[in-house]
K.L.:
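There's a structure below that I have some questions on.
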Amino acid sequence: MANDREILREIWEGKIPVQFQLASDETDVDPEQFFLLIPRLSYFPLVSDKVRKHFLRFVSNELQDGEMWMDSNGTPLKWHYPIGVLFDLLVGGDAILPWPITVHFSKFPEDVLFRCPNKDIVEAHFMSGLKEADVLKHRGQVVSAMQKKDHNQLWLGLVNDKFDQFWAVNRRLMEPIPDQDGFKHIPVRCYAEDGSYQQKLVAPSTETGQKRTLQDLLEDFSTPVRKAVEARTHGVTIPSTTPLQWLSEHLSYPDNFLHLCLIYG
């Protein structure tokens, strides 16, 4: 089980300073920008209520009921990706902060984004990912044994940014399979520069019991044309010798997936 509590808390407390500005074609005035420090582990619909309230004062009545969406340098932000994943994909490690994001209330890009009318949609998406991760790690046995109150505690811990509340339940999902030294498979999504991702069945150990490392994963996700040379998550480039089991236990997002942004050579 994840036992480096200081690392878990450090990952949990990761924040990104953001500068929100209203799209210039949606207002006749020059509204003040809005600044927030937002959790990397969260999702934009969970942290943007204050942003919406601030900018609604400056848009016309016909836009008041429009679904708010955002872009980063012209790229629409997919709300179902964790905030930290979006930042690592679109901005990377050499960013000049705060992160500038443009807010819109019209021209919703239906061909790029899913609509998100309420936070129940985010919860359903989060729990679906969590269950998928548990199927990969424990054949689904941990989540299925949980009660509704456990599911609620995980969700509310994330929504309210409560580390202890979340990890009191999540630690069960980080236990290895009985009589094994790790998970059955590592829940991982590897992202390319265009924001698309791949998933494969990735075992934490070889058939002979040797621990597999990030280097093994990079080779799994390389092609004859493109070689994956490094991976970034939580704003950090990971040493290639890091064991996959350790990565999964300590650097997974709250949905229990490792979200890795791959750099190709």
K.L.:
With side-chain contact (heavy atoms from CB on, under 4.5 Å) as the test, would you mind laying out the steps for Leu251 and Ile11 before giving the verdict?
P.N.:
CA-CA 7 Å; Leu251 299 188; Ile11 294 297; 3.6 Å; yes
K.L.:
One thing to verify: whether Lys211 and Asp216 come together as a salt bridge, which I'm taking to mean a side-chain N less than 4.0 angstrom from a carboxylate O.
P.N.:
no
K.L.:
Should Leu41 and Pro254 count as side-chain neighbours, where that means a heavy-atom distance under 4.5 Å?
P.N.:
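SC-SC contact between Leu41 and Pro254 confirmed.
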K.L.:
Among the clusters formed by ILVMFWY side chains lying less than 4.5 Å apart, do Phe257 and Val188 turn up in the same one?
P.N.:
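In one cluster: no.
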K.L.:
Hey, what's the ring geometry for Trp246 with His250, parallel, tilted or perpendicular (30° and 60° as the breaks)?
P.N.:
parallel
K.L.:
Would you say CG of Asp28 has more than 12 non-hydrogen atoms from neighbouring residues, nucleotides or ligands within 6.0 angstrom?
P.N.:
no
K.L.:
Quick one, Trp167 with Met174, criterion side-chain contact (heavy atoms from CB on, under 4.5 Å). Give me CA distance, side-chain angles, the key distance, then yes/no.
P.N.:
CA-CA 10 Å; Trp167 271 96; Met174 292 301 170; 3.8 Å; yes
K.L.:
Ser222 and Ala228: which non-hydrogen atoms are nearest, and at how many Å?
P.N.:
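Smallest heavy-atom distance, with atoms named: OG-N, 2.8 Å.
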K.L.:
Does atom CG of Asn118 have more than 12 heavy-atom neighbours, drawn from other residues, nucleotides or ligands, at distances under 6.0 Å?
P.N.:
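Buried by this count: over 12 neighbours within 6.0 Å.
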K.L.:
So for atom CG, which belongs to Asp181, do other residues, nucleotides or ligands contribute more than 12 heavy atoms lying within a distance under 6.0 Å?
P.N.:
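Not buried by this count: 12 neighbours or fewer within 6.0 Å.
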K.L.:
Does this structure show an ion pair linking Asp255 with Lys131, if we count only N-O contacts that are shorter than 4.0 Å?
P.N.:
no
K.L.:
More than 12 heavy atoms of other residues, nucleotides or ligands under 6.0 Å from CD of Glu62: is that the case?
P.N.:
yes
K.L.:
Name all pairs fulfilling the salt bridge (Lys or Arg N to Asp or Glu O under 4.0 Å) condition that reach into residues 29-52, sequence neighbours left out, sorted by first residue then second.
P.N.:
Arg40-Asp88, Asp49-Lys119
K.L.:
Hey, what's the ring geometry for Phe20 with Phe34, parallel, tilted or perpendicular (30° and 60° as the breaks)?
P.N.:
tilted
K.L.:
Do Leu260 and Leu214 come within less than 4.5 Å of each other through their side chains, counting heavy atoms only?
P.N.:
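Leu260 reaches Leu214 side chain to side chain.
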K.L.:
Would you say that Met70 contacts Pro76 through its side chain, given a criterion of any heavy-atom pair below 4.5 Å between the two side chains?
P.N.:
no
K.L.:
If you define the side chain from C-beta out and look only at heavy atoms, does anything of Tyr81 sit under 4.5 Å from Tyr197?
P.N.:
yes
K.L.:
Could you grab the distance from atom CG of Leu258 to atom NE2 of His234, nearest 0.5 Å is fine?
P.N.:
7.5 Å
K.L.:
Regarding Gln199 and Glu132, do their side chains bring together a donor and an acceptor under 3.5 Å, going by distance alone?
P.N.:
yes
K.L.:
Taking the six-membered ring for Trp and the single ring otherwise, decide whether the centroids of His54 and Phe58 are under 6.0 Å apart.
P.N.:
yes
K.L.:
Shared ILVMFWY cluster between Leu156 and Leu154, side chains joined below 4.5 angstrom?
P.N.:
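Yes, it is one cluster - the side chains of Leu156 and Leu154 are joined through contacts under 4.5 Å.
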K.L.:
Answer yes if the side chains of Glu26 and Ser106 hold a donor-acceptor pair under 3.5 Å, and no otherwise.
P.N.:
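Ser106 and Glu26 do have a side-chain donor-acceptor pair below 3.5 Å.
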K.L.:
Short question: side chain of Gln210, backbone of Ser205 - any donor-acceptor pair under 3.5 Å?
P.N.:
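No.
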K.L.:
Does the ring-ring contact (aromatic ring centres under 6.0 Å, His included) test come out yes or no for Phe183 and His138, once each step is laid out?
P.N.:
CA-CA 7 Å; Phe183 304 140; His138 308 104; 5.5 Å; yes
K.L.:
Between His259 and Tyr191, is the ring centroid distance below 6.0 Å?
P.N.:
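Centroid distance His259-Tyr191: below 6.0 Å, so yes.
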K.L.:
Under the 3.5 angstrom rule, does the side chain of Thr223 hit a backbone N or O of Arg226 as a donor-acceptor pair?
P.N.:
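It does hold such a pair.
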K.L.:
Roughly how far apart are Lys227 NZ and Leu218 CG, rounded to 0.5 Å?
P.N.:
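Here the rounded value is 7.5 Å.
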K.L.:
Answer yes or no: is there an ion pair linking Glu175 with Lys137, defined by an N-O contact shorter than 4.0 Å?
P.N.:
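No.
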K.L.:
State which residues pass ring pair (Phe, Tyr, Trp, His ring centres under 6.0 Å) with His185; sequence neighbours excluded, sorted by chain then number.
P.N.:
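With sequence neighbours excluded, His185 shows a ring pair (Phe, Tyr, Trp, His ring centres under 6.0 Å) to no residue whatsoever.
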K.L.:
Out of curiosity, Glu123 CD to Leu46 CG, how far, rounded to the nearest 0.5 Å?
P.N.:
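Separation between the atoms: 9.5 Å.
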K.L.:
Using the six-membered ring wherever Trp is involved, compare the ring planes of Trp99 and Phe87 and label them parallel, tilted or perpendicular (cut-offs 30° and 60°).
P.N.:
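Correct class here is perpendicular.
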K.L.:
Please check if atom NZ in Lys162 has more than 12 non-hydrogen atoms from other residues, nucleotides or ligands closer than 6.0 Å.
P.N.:
no
K.L.:
Find out whether Asn170 and Asn256 are in side-chain contact, i.e. whether some heavy atom of one side chain is under 4.5 Å from a heavy atom of the other.
P.N.:
yes
K.L.:
Report whether Val229 and Tyr264 are members of the same hydrophobic cluster (ILVMFWY, side-chain heavy atoms less than 4.5 Å apart, transitive linking).
P.N.:
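Cluster IDs for Val229 and Tyr264 differ.
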K.L.:
Side chains of residues 139-151: which donor-acceptor partners sit under 3.5 Å, not counting sequence neighbours?
P.N.:
unit_1	atom_1	unit_2	atom_2	d
Ser144	OG	Gly140	O	2.9
Ser144	OG	Gln141	O	3.2
Asp150	OD1	Arg172	NH2	3.3
Asp150	OD2	Gln147	N	3.0
Asp150	OD2	Arg172	NH1	3.4

K.L.:
Inspect the surroundings of CG in Leu37 and state if more than 12 heavy atoms from other residues, nucleotides or ligands are less than 6.0 Å away.
P.N.:
yes
K.L.:
Looking only at non-hydrogen atoms, find the nearest pair between Ile16 and Gly84 and report the distance.
P.N.:
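Closest heavy-atom pair between Ile16 and Gly84: CD1-CA, 4.4 Å.
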K.L.:
Does any part of the side chain of Phe105, heavy atoms only, come nearer than 4.5 Å to the side chain of Trp69, both counted from C-beta?
P.N.:
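Side-chain contact under 4.5 Å: no.
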K.L.:
Donor-acceptor pair, distance only, cut-off 3.5 Å: does the side chain of Ser252 make one with the backbone of Glu249?
P.N.:
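It does not hold such a pair.
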K.L.:
At their closest point, which heavy atom of Leu217 faces which heavy atom of Cys190, and how far apart are they?
P.N.:
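Residues Leu217 and Cys190, closest heavy atoms: CD2-SG, 3.7 Å.
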K.L.:
Measuring only between side-chain heavy atoms, which start at C-beta, is Arg212 closer than 4.5 Å to Val202?
P.N.:
yes
K.L.:
Quick check: closest heavy atoms across Pro98 and Phe35, and the distance to 0.1 Å?
P.N.:
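Minimum heavy-atom separation between Pro98 and Phe35: CG-CE2, 4.0 Å.
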K.L.:
May I ask you to check whether Trp12 and Phe166 place their ring centres under 6.0 Å from each other?
P.N.:
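Distance test on ring centres: under 6.0 Å, yes.
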K.L.:
Please say whether more than 12 non-hydrogen atoms of neighbouring residues, nucleotides or ligands are located less than 6.0 Å from CD in Gln19.
P.N.:
yes
K.L.:
Rounded to the nearest 0.5 Å, what's the gap from NE2 on His80 to CZ on Phe126? Could you check?
P.N.:
15.5 Å
K.L.:
What are the two closest non-hydrogen atoms of Ser42 and Leu158, and how far apart are they?
P.N.:
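Between these two residues, the closest heavy atoms are CA-CD1, 4.4 Å.
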K.L.:
Hey, are Asp4 and Arg9 close enough for a salt bridge, meaning a charged N less than 4.0 Å from a carboxylate O?
P.N.:
no
K.L.:
Roughly how far, to the nearest 0.5 Å, is the CG atom of Asn160 from the CD atom of Gln153?
P.N.:
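That separation rounds to 11.5 Å.
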K.L.:
Hey, any chance Tyr253 and Trp155 share a hydrophobic cluster, counting ILVMFWY side chains that come within less than 4.5 Å of each other, even indirectly?
P.N.:
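The answer is yes; both residues are in one hydrophobic cluster.
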K.L.:
Has Thr75 got a side-chain atom pairing as donor or acceptor with Asp71's backbone, closer than 3.5 angstrom?
P.N.:
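It does not hold such a pair.
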K.L.:
To the closest 0.5 Å, what do you measure between CG (Asn73) and OG1 (Thr102)?
P.N.:
8.5 Å
K.L.:
Is there side-chain contact between Ile238 and Thr233, with at least one heavy-atom pair below 4.5 Å?
P.N.:
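Of all side-chain heavy-atom pairs linking Thr233 with Ile238, at least one is under 4.5 Å.
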K.L.:
With a 4.5 Å cut-off on side-chain heavy-atom distances among I, L, V, M, F, W and Y, is there a chain of contacts connecting Ile121 to Phe108?
P.N.:
no
K.L.:
Stepwise, does the side-chain contact (heavy atoms from CB on, under 4.5 Å) test hold for Leu77 with Trp79?
P.N.:
CA-CA 6 Å; Leu77 296 176; Trp79 65 262; over 6 Å; no
K.L.:
I need the minimum non-hydrogen distance between Ile83 and Tyr43, along with the two atoms involved.
P.N.:
CD1-C, 3.7 Å
K.L.:
Given side-chain contact (heavy atoms from CB on, under 4.5 Å), test Gln21 with Val103 step by step and report yes or no.
P.N.:
CA-CA 6 Å; Gln21 56 194 18; Val103 176; over 6 Å; no
